[in-house]
Number of protein chains: 2
Amino acid sequence: MADSPRPPTPPGGPRGPEPRYGNRPTMKDVAARAGVGLKTVSRVVNGEPGVTPDTERRVQEAIESLGFRRNDSARVLRKGRTASIGLVLEDLADPFYGPLSRAVEEVARAHGALLINGSSAEDPDREQELALALCARRVDGLIVIPAGHDHRYLEPEIKAGIATVFVDRPPGRIDADVVLSDSFGGARAGVAHLIAHGHRRIAFIGDQPRIHTAVERLRGYRVAMEDAGLEIDDSWVALGSTAPERVQKAVTAVLSGPEPVTAIFAGNNRVTVTAVRVLAGQDRRVALVGFDDIELADLLGITVIAQDAATLGRTAAERLFRRLDGANDEPTQVALETVLIPRGSGEIPPSD
Amino acid sequence: MADSPRPPTPPGGPRGPEPRYGNRPTMKDVAARAGVGLKTVSRVVNGEPGVTPDTERRVQEAIESLGFRRNDSARVLRKGRTASIGLVLEDLADPFYGPLSRAVEEVARAHGALLINGSSAEDPDREQELALALCARRVDGLIVIPAGHDHRYLEPEIKAGIATVFVDRPPGRIDADVVLSDSFGGARAGVAHLIAHGHRRIAFIGDQPRIHTAVERLRGYRVAMEDAGLEIDDSWVALGSTAPERVQKAVTAVLSGPEPVTAIFAGNNRVTVTAVRVLAGQDRRVALVGFDDIELADLLGITVIAQDAATLGRTAAERLFRRLDGANDEPTQVALETVLIPRGSGEIPPSD
DNA sequence: CATTGCCCTGACAACGTTGTCCAGGGCCTA
DNA sequence: TAGGCCCTGGACAACGTTGTCAGGGCAATG
């Protein structure tokens with residue numbers, strides 16, 4: 001019975017941990033079965049040269065009959081590369097991040113790497129926990145959509161060779177590659193568009209002020225207003241959670257104050273969706289431009305500032321793999337252009 | 001200089017592979033720095049008992065000053081568990097799979113596991129390649145949304161202890177846990193709804209016939225028609241790619257044949273979206289019920305058969321972890337109910 | 001026929017961690 | 001004071017793979 005996959009635990013002496021991988025065959029078992037050396041099996045499995053066709057056949061047969069599959073955990077330990085990258089994003093369920101994630105995956109796949117991803121749920125602690133867990137797994141590279149504002153915790157990791165690229169928002173207190181959309185320019189153009197259609201009282205409803213894109217878009221709004229010589233009433237600006245209830249309240253408020261607005265700029269896709277719902281229940285026609293494109297927005301006639309999530313992800317991933325291939329230049333900042341897509345809601349004239 | 005993190009490569013003798021992890025410190029280095037044994041460092045890192053507070057402090061200091069982080073690759077090799085699960089789905093960018101994936105991730109997180117996911121792009125070979133790559137990584141468990149119809153390739157893996165659960169579609173030629181939505185019942189109810197509103201000529205436009213859900217939904221359509229004693233004209237049924245061009249053609253065709261339909265049942269979210277676009281350009285009002293809910297469908301008044309992607313994912317993941325915790329019962333089949341949400345498009349009366 | 005050189009092959013160490021076992025020291029008890 | 005126990009710490013092997021190196025067989029060459 002010398003060729004059973006694994007002898008039963010020897011009576012005495014140190015023993016490994018209990019379950020193992022259900023006693024999977026190893027290269028050693030394959031070698032024993034095929035009557036060759038361990039290294040020869042390794043050579044066959046990896047397609048390395050220097051194996052007689054006949055030997056190779058015997059090894060292949062042993063592999064088949066035992067159902068052997070190489071243990072990549074061990075391989076990783078030995079080689080020092082995991083052929084996997086990590087992606088920390090905010091919420092995989094958000095329709096904005098799905099395409100981004102998919103684009104990253106495609107690039108990874110083209111480089112033979114797998115993708116491990118996790119959602120930070122906009123919580124800096126959770127972002128850090130996730131990113132460090134990925135580093136402990138020794139992912140080759142890391143793509144992060146920051147939730148927090150201090151990424152010094154990644155310094156030792158980056159120094160230790162884990163390539164890191166930030167997307168959608170810049171990192172805090174650390175110098176690294178970044179790929180962004182032009183939030184400022186996009187918001188500015190969108191608000192200018194409303195102004196060009198005659199609006200003077202325009203609201204800005206956006207995400208929480210600790211999120212970089214929210215602040216940048218607000219800045220675009222302010223500058224566009226200033227460019228047109230328009231004063232901003234504080235009651236027109238609302239930053240906060242994008243939970244439907246909060247947005248609903250904010251929209252209702254800017255429509256009913258002493259100086260009701262005639263147009264709304266929505267800071268991201270979540271806000272836009274709720275704003276559209278609220279506006280649908282209004283008698284008055286209120287103009288709307290939203291940041292981020294949304295599925296079916298064409299049918300609803302929603303004017304948007306579109307950013308290309310897939311390109312964002314692809315660009316970041318390509319940057320990452322360029323680093324992994326040895327690129328050693330200074331960290332770069334890329335800002336992708338946004339596109340204004342007029343569909344009706346942004347071209348509604350002021351109602352007063 | 002006895003405590004530099006790693007001595008330079010010794011002059012002779014075998015050497016490891018080249019780059020390594022940028023020379024990261026190991027427990028051995030930490031031990032040397034703290035003046036303790038290797039195992040003591042391991043104990044501190046893992047919070048195991050049996051270490052004096054003073055010793056622990058010294059070790060912690062060494063860890064901090066060296067920037068040590070445990071190498072989970074090695075840990076995995078030793079422990080035989082990776083604390084990660086794999087998810088093979090069709091397309092991460094599809095708004096249906098985002099929430100599903102996120103739900104799986106949440107459950108995994110609750111069990112301290114990371115999620116590795118990949119898209120099969122509806123290609124059976126790619127599904128297999130991905131699933132096997134995940135197995136080679138020795139994920140603890142696997143959740144698969146099948147693209148192919150033969151999953152015998154997973155048999156050795158399952159036998160070797162990789163828990164596997166299929167979601168959204170049943171596996172082929174293998175017995176395993178499955179979590180589905182009730183495609184048949186949902187479609188049947190949706191078509192019955194149209195019939196109840198007076199329709200007699202109803203089209204079914206669905207996904208490719210090799211996809212299980214497409215076939216089940218078609219079956220639901222057929223049975224509902226039969227229940228009502230209605231004949232089906234072959235020209236009313238179109239299965240195929242969900243690419244917009246194909247769907248557009250199919251919709252146009254069923255509206256313009258010799259026996260134009262007065263209502264359409266759309267087989268999934270992709271089909272619905274395109275169908276809505278086509279119908280928006282028609283003079284005639286055509287009723288529509290779609291399988292899958294869609295964001296903003298409420299505003300567009302689209303009647304749908306809603307399935308809960310998040311619950312689908314959560315249920316599957318919970319089932320998986322129950323297996324990982326040792327549950328050994330027979331494979332189970334779960335079918336989740338669907339909900340008909342009337343919003344207008346499904347209540348349009350026949351136009352002839 | 002002897003020698004050189006190539007081609008296959010396998011023995012061995014090492015990757016960084018954790019499980020097991022043993023040794024030494026301090027403290028308590030008799 | 002002696003004996004025993006517990007607590008702490010370390011030596012060692014092992015997880016499954018791959019890089020290095022050395023040895024044996026064989027053909028070609030002088």
Side-chain angles (χ1 to χ4, degrees), chain A residues 5-7 9-10 12-21 23-32 34-56 58-59 68-83 136-138 160, chain B residues 5-7 9-10 12-21 23-32 34-56 58-59 68-83 136-138 160:
Chain A
R6 187 80 39 75
T9 315
R15 288 185 313 282
E18 334 126 37
R20 314 281 344 133
Y21 313 103
N23 244 4
R24 285 201 86 128
T26 71
M27 284 191 178
K28 201 167 148 190
D29 302 317
V30 174
V36 301
L38 180 55
K39 180 63 195 185
T40 300
V41 176
S42 172
R43 274 193 268 262
V44 171
V45 169
N46 293 295
E48 285 171 27
V51 180
T52 324
D54 180 59
T55 308
E56 170 158 3
R58 289 218 315 288
V59 172
F68 167 82
R69 181 124 26 228
R70 180 179 63 197
N71 185 334
D72 276 350
S73 305
R75 172 168 228 254
V76 154
L77 176 60
R78 187 67 234 264
K79 304 205 72 144
R81 288 252 159 180
T82 56
R137 295 293 173 103
R138 297 293 189 269
Chain B
R6 188 80 41 76
T9 316
R15 290 184 312 282
E18 334 127 35
R20 314 272 355 125
Y21 313 103
N23 245 3
R24 286 202 85 129
T26 72
M27 285 191 178
K28 199 167 149 192
D29 302 318
V30 174
V36 302
L38 180 55
K39 179 65 194 184
T40 301
V41 176
S42 172
R43 272 194 270 262
V44 171
V45 169
N46 292 296
E48 287 171 24
V51 181
T52 327
D54 181 57
T55 308
E56 170 158 4
R58 289 218 316 287
V59 172
F68 167 81
R69 181 122 29 226
R70 179 177 65 196
N71 185 334
D72 275 350
S73 305
R75 172 168 228 252
V76 155
L77 176 60
R78 186 69 233 264
K79 302 203 74 142
R81 289 252 160 177
T82 56
R137 294 292 172 104
R138 297 293 190 269

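Since this is a predicted model, take the numbers as computed values, not measurements. Letters A, B, ... are given to chains in the order of the sequence lines, protein chains preceding strands, and every chain is numbered from 1.
Taking atom CZ of residue A:R75 and atom P of nucleotide C:dT17, one finds them 21 Å apart after rounding to whole Å. Look at CZ on A:R137: it is 15 Å from C1' on C:dG16, rounded to the nearest Å. Computed from coordinates, the A:L38 CG to D:dT18 P distance equals 9 Å when rounded to whole Å. Distance CG (A:L77) to P (D:dG19): 13 Å, rounded to an integer number of Å. Between A:D29 atom CG and D:dC15 atom C1' there is a gap of 13 Å when expressed in whole angstrom units. Residue B:E48 contributes atom CD, which lies 11 Å from atom P of C:dT20 at whole-angstrom precision. In this entry the distance linking CE of A:M27 with P of D:dC15 reads 15 Å, nearest Å. The separation between A:F68 atom CZ and D:dG16 atom C1' is 9 Å, rounded to whole Å.
Regarding contacts with the backbone of C:dT9, a side-chain N or O of A:T52 is found under 4.0 angstrom from either OP1 or OP2. A close approach under 4.0 Å does not occur between any side-chain nitrogen or oxygen of B:T40 and OP1 or OP2 of D:dT8. Taking 4.0 angstrom as the limit, A:R138 places none of its side-chain polar atoms (N or O) nearer than this to OP1 or OP2 of C:dC15. Between C:dT17 and B:S42, no contact under 4.0 Å exists linking OP1 or OP2 to a side-chain N or O. In this structure, A:K39 does not reach the D:dC21 phosphate: none of its side-chain N or O atoms is under 4.0 Å from OP1 or OP2.
In this structure, B:R43 reaches the bases: a heavy-atom distance under 4.0 Å links it to at least one base atom across the strands shown. Within the nucleic acid shown, B:V51 comes within 4.0 Å of sugar-phosphate atoms alone, with no base atom in reach, counting heavy atoms only. At a threshold of 4.0 angstrom between heavy atoms, the contacts of B:N46 are confined to the sugar-phosphate backbone, with no base atom among them.
Proximity note for B:R78 (side chain, C-beta onward) versus C:dT9, D:dA13, D:dG16: the nearest is D:dA13. Distances were taken from every side-chain heavy atom of A:K79 (C-beta onward) to each of C:dT9, C:dG16, D:dT18; the shortest belongs to D:dT18.
Checking A:D72 against B:E56, the closest nucleotide of DNA chain D that is more toward the 5' end is the one next to B:E56.
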Check step by step if side-chain hydrogen bond (donor to acceptor under 3.5 Å, both in side chains) holds for B:T52 and B:D54.
CA-CA 5 Å; B:T52 327; B:D54 181 57; over 6 Å; no

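Residue B:K79 holds its NZ atom at 14.0 Å from OG of A:S73, rounded to the nearest 0.5 Å. Annotation: the span from B:R138 atom CZ to B:T82 atom OG1 amounts to 10.0 Å, rounded to 0.5 Å. Distance check, rounded to the nearest 0.5 Å: CG of A:D72 to CG of B:L77 gives 11.5 Å.
Side chain to side chain, A:N46 and A:R70 meet the donor-acceptor criterion of an N or O pair below 3.5 Å.
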